[in-house]
Each structure stands twice: as structure tokens, then as C-alpha cells.
Novice: 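Below you will find the structure I want to go over with you.
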Amino acid sequence: SEELLDALGGAFAGLSVADRVGVVSDLFALGKAGYHSTAKPLAFCTKYLKAEASHVVLTEVAAGLGAIGAVWTEATVTGALDALATEVFGAVALRLGWSPTAGEGDTTALLRALAIRIAATSNHTEVLSQARAKFAAYAAGDASALPPELRSAVFAAVLKHGGEAEYAQLLALYRGTEAMDQRVLLLSALGQSPPTLLPQALEFMLSSEVRNQDVIYLLRGVQASGISLAWQFVRDHWSTFLERYAGGMLLPHVVKVAQP
């Protein structure tokens, strides 16, 4: 009942991390199973989790939102999910800022990266504006503008809410580095291109510039953005994938990553 949820919400901050994770997980699971409305966990998160400081708890929230977004891709639903994500994760991102403080733990750094990624990709105005400014400085050659743990989040957010210019900048960064960890981040971000640019990114994936074993990173990016185009692209280019991967272990992996 609403009364029980409100009572649980009032006591939520005093629970252990394990219990808070359990509450969030159970609320989303009950909604998925049809025992209550999916709106209930969403409302609960909006009301009670803006001050949450645990990376583990907010990772559970992110997983719940991602599961809903993967099923319902209508603009009205994704827009509502983005609004909720900006409210919860935007508050956390603004509270933590972009720079680590003296003595902060590893989990705080993980929480900062999670909050910035979700807030920026969900179009939180202030966080996205900050991400764009930092990306511009990084793309201009200032590597210190973006610490490694925040690059994936910023690359994806800037391109998701960008266009041809941002796509060209990320592609130039990919071509300008030989560091594989950097290339993996950039491929994943290219997979989260706006719908109008995604076919172009997928075609690039099959070019000689991308190693056969690295195509999965771009495909994962497509899946992470909630778009089901990856599997259709693999099916449409099946002969190419079969020629490249037949007889090896990579083809089943590509299929597994691309399937909705």
C-alpha cells in the first residue's frame, strides 16, 4: 500500500546498504512481475533517493531504469525515465562535482562516474553543459580536462545529444590514438550515436579501421542506448560476419551481444 511504501521510505536512509539494495531490487522486481505498478519503484526512487550516497544502491536503480527502458522504447516512456534519472542522478552528480576531494574512497569515484553518465545521457541541463565543455577542452588536446574514469560517460552523452560535429570529433579521436583502452571507450560511444547517425557508425564498425574482435564494443553501445538496430544490422550483414568469424569463437559472442 502507499502507506507502507511511505513508511518504508521514511526509514530508508537508516537501513544498511544491503537492505537498501534489497528494497530497490524488490520494488523493481515486483513491478516487473505485475504485483504492483511500475510507477511505484519510480516514484519511490524520485522521492527518497536524491540524497543516496551508495554506489551499490544507485547501481541497482540504474539497472531498474535500464530494464524498463529496454522494454518500453516509446518516446513518452523514455522521456519520463530520463526525467526521473535527471532528478535522482543529477542531484548526486551536482553534489559530488567533477573533481575528487582529498581522502575520498574508490566507491565515491565510482558513484561520481555513474551519476555523471546517467545524468548527462538523460539530458540533465547543467551536467550535460559541463560535459560538453570538458569534452571540447579534451578534444582540443587538453587530456587533463577529462580523467579516465569519466571519459566513457562524457563521450557517450555528448554524442547522444549531439550530431555530425560530435560524431566527427569522436571519430578523429579514435583515429588519432593507438591506445586500445581509449579506442574501446570511443567505439562504445559511437554505438550510442543519435538514430540518424547510427547506421553510419555501424558501417564504420565493419571497416578495416576496426579490429574484428572489437566490433562487440560498438554493438554493446547500441544495446546500451536502448535501440534494437544492432541485431537487425547483424542479420542484414550476416554473410560478412560469417565470412569474418566462421570457425571461431567470436561469432557466437557477436550474436549474443547484438540480440535484443
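On a predicted model such as this, the values are computed, not experimentally measured, just so you know.
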Novice: Could you tell me whether a side-chain N or O of Y138 sits under 3.5 Å from a main-chain N or O of A133, the two making a donor and an acceptor?
Specialist: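 Checked: no pair found.
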
Novice: Quick check: closest heavy atoms across T177 and R183, and the distance to 0.1 Å?
Specialist: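 So the minimum-distance heavy-atom pair works out to O-NE, 2.9 Å.
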
Novice: Could you please spell out the steps behind the side-chain contact (heavy atoms from CB on, under 4.5 Å) verdict for I116 and V92?
Specialist: CA-CA 8 Å; I116 287 174; V92 178; over 6 Å; no

Novice: Check for a donor-acceptor pair, side chain of S188 on one end and backbone N or O of V184 on the other, with a separation under 3.5 Å.
Specialist: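 No, the answer is negative, given that no donor and acceptor are paired below the 3.5 Å cut-off.
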
Novice: Are F233 and H237, when compared by the centres of their aromatic rings, separated by less than 6.0 Å?
Specialist: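 Centroid distance F233-H237: below 6.0 Å, so yes.
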
Novice: Give a yes or no on whether a salt bridge exists between E166 and K160, defined as a side-chain N under 4.0 angstrom from a carboxylate O.
Specialist: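 Between K160 and E166 there is no salt bridge, as every charged N stays at least 4.0 Å from the carboxylate O atoms.
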
Novice: Checking S16 side chain against D19 main chain: does a donor-acceptor pair fall under 3.5 Å?
Specialist: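 Pair found, side chain donor or acceptor close to backbone of D19.
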
Novice: Let me confirm one number: the CG-OG distance from L15 to S54, rounded to the nearest 0.5 Å.
Specialist: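 With rounding to 0.5 Å, CG (L15) is 12.0 Å from OG (S54).
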
Novice: Return the CG to CZ distance between L190 and F155, rounded to the nearest 0.5 Å.
Specialist: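 Answer rounded to 0.5 Å: 10.0 Å.
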
Novice: List for me each residue that meets salt bridge (Lys or Arg N to Asp or Glu O under 4.0 Å) alongside E203, sequence neighbours excluded, and say none if there are none.
Specialist: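 Not a single residue meets the salt bridge (Lys or Arg N to Asp or Glu O under 4.0 Å) criterion with E203.
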
Novice: Could you walk me through whether V24 and R20 pass the side-chain contact (heavy atoms from CB on, under 4.5 Å) test, one step at a time?
Specialist: CA-CA 6 Å; V24 172; R20 297 202 305 276; 5.7 Å; no

Novice: Distance-only, no hydrogens or angles: does the R117 side chain make a donor-acceptor pair with backbone N or O of V154 under 3.5 Å?
Specialist: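 No; zero donor-acceptor contacts below 3.5 Å.
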
Novice: Is there a side-chain contact between P100 and T108 in this structure, where contact means two heavy atoms from C-beta onward sitting under 4.5 Å apart?
Specialist: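 Heavy-atom side-chain distance check fails, nothing below 4.5 Å.
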
Novice: If you round to the nearest 0.5 Å, how far is CD of Q192 from CG of L197?
Specialist: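 Answer rounded to 0.5 Å: 13.5 Å.
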
Novice: Atom CG of L185 and atom CZ of R151: how far apart are they, to the nearest 0.5 Å?
Specialist: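 So the CG of L185 and the CZ of R151 are separated by 8.0 Å.
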
Novice: Look at K134 together with D142 and state whether they make a salt bridge at an N to O cut-off of under 4.0 Å.
Specialist: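 Looking at K134 and D142, the cut-off is not met.
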
Novice: Mark yes or no for whether Q182, through its side chain, and A179, through its backbone, hold a donor-acceptor pair below 3.5 Å.
Specialist: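 Not at all, since once roles are kept as given, no pair shorter than 3.5 Å links the two residues.
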
Novice: Among Ile, Leu, Val, Met, Phe, Trp and Tyr joined by side-chain contacts under 4.5 Å, find the other residues sharing a cluster with Y35 and list them by chain and number.
Specialist: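 Its cluster partners, ordered by chain and number, are L30.
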
Novice: Please identify each residue that fulfils ring pair (Phe, Tyr, Trp, His ring centres under 6.0 Å) with F44, with sequence neighbours left out.
Specialist: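 So F44 forms a ring pair (Phe, Tyr, Trp, His ring centres under 6.0 Å) with F12, Y48.
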
Novice: Are L110 and V56 connected in the hydrophobic side-chain network, where two residues link if heavy atoms are under 4.5 Å apart?
Specialist: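 L110 does not cluster with V56.
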
Novice: For Q213 and L250, what are the C-alpha separation, side-chain angles and deciding distance, and is it a side-chain contact (heavy atoms from CB on, under 4.5 Å)?
Specialist: CA-CA 7 Å; Q213 62 266 41; L250 281 172; 4.1 Å; yes

Novice: How far apart are the C-alpha atoms of F89 and L84, what are their side-chain angles, what is the distance that settles it, and do they pass the side-chain contact (heavy atoms from CB on, under 4.5 Å) test?
Specialist: CA-CA 8 Å; F89 289 92; L84 185 153; 5.9 Å; no

Novice: Name the residue from D82, V88, L81 that meets the side-chain contact (heavy atoms from CB on, under 4.5 Å) definition with S122.
Specialist: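 Checked D82, V88, L81 against S122; only one passes side-chain contact (heavy atoms from CB on, under 4.5 Å): D82.
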
Novice: If only atom types and distance count, is the side chain of S129 paired as donor or acceptor with the main-chain N or O of T125 below 3.5 Å?
Specialist: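 Such a contact is absent between S129 side chain and T125 backbone.
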
Novice: Closer than 3.5 angstrom, by distance alone: can the side chain of R244 be matched with the main-chain N or O of N212 as a donor-acceptor pair?
Specialist: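 No; judged by distance alone, with no hydrogens or angles, the pair does not exist.
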
Novice: Supply the atom-to-atom distance S193 OG to L170 CG, rounded to the nearest 0.5 angstrom.
Specialist: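 Rounded to the nearest 0.5 Å, the OG-CG separation comes to 8.0 Å.
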
Novice: Which residues pass the ring pair (Phe, Tyr, Trp, His ring centres under 6.0 Å) test with H253, sequence neighbours left out?
Specialist: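 Once residues adjacent in sequence are excluded, H253 has no partner under the ring pair (Phe, Tyr, Trp, His ring centres under 6.0 Å) criterion.
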
Novice: Would you check if the side chain of S25 reaches a backbone N or O of V21 as a donor-acceptor pair within less than 3.5 Å?
Specialist: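 Between the backbone of V21 and the side chain of S25 there is no qualifying donor-acceptor contact (under 3.5 Å).
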
Novice: Is there a donor-acceptor pair under 3.5 Å between the side chain of H36 and the backbone N or O of L27?
Specialist: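 It does hold such a pair.
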
Novice: To the nearest 0.5 Å, how far apart are NZ in K47 and CG in L42?
Specialist: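 Between atom NZ of K47 and atom CG of L42 there are 14.5 Å.
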
Novice: Can any side-chain N or O of H161 pair as donor or acceptor with the backbone N or O of T121 at less than 3.5 Å?
Specialist: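 Yes: the side chain of H161 pairs with the backbone of T121.
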
Novice: Would you say the side chain of L187 lies within less than 4.5 Å of the side chain of M205, judging by non-hydrogen atoms?
Specialist: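 No, too far: nothing below the 4.5 Å cut-off.
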
Novice: The criterion is ring pair (Phe, Tyr, Trp, His ring centres under 6.0 Å); which residues satisfy it with Y217, sequence neighbours excluded?
Specialist: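 Checked Y217 against ring pair (Phe, Tyr, Trp, His ring centres under 6.0 Å); zero matches.
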
Novice: A139: what forms a side-chain contact (heavy atoms from CB on, under 4.5 Å) with it, not counting sequence neighbours?
Specialist: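 Only F135, Q169 meet the side-chain contact (heavy atoms from CB on, under 4.5 Å) criterion with A139.
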
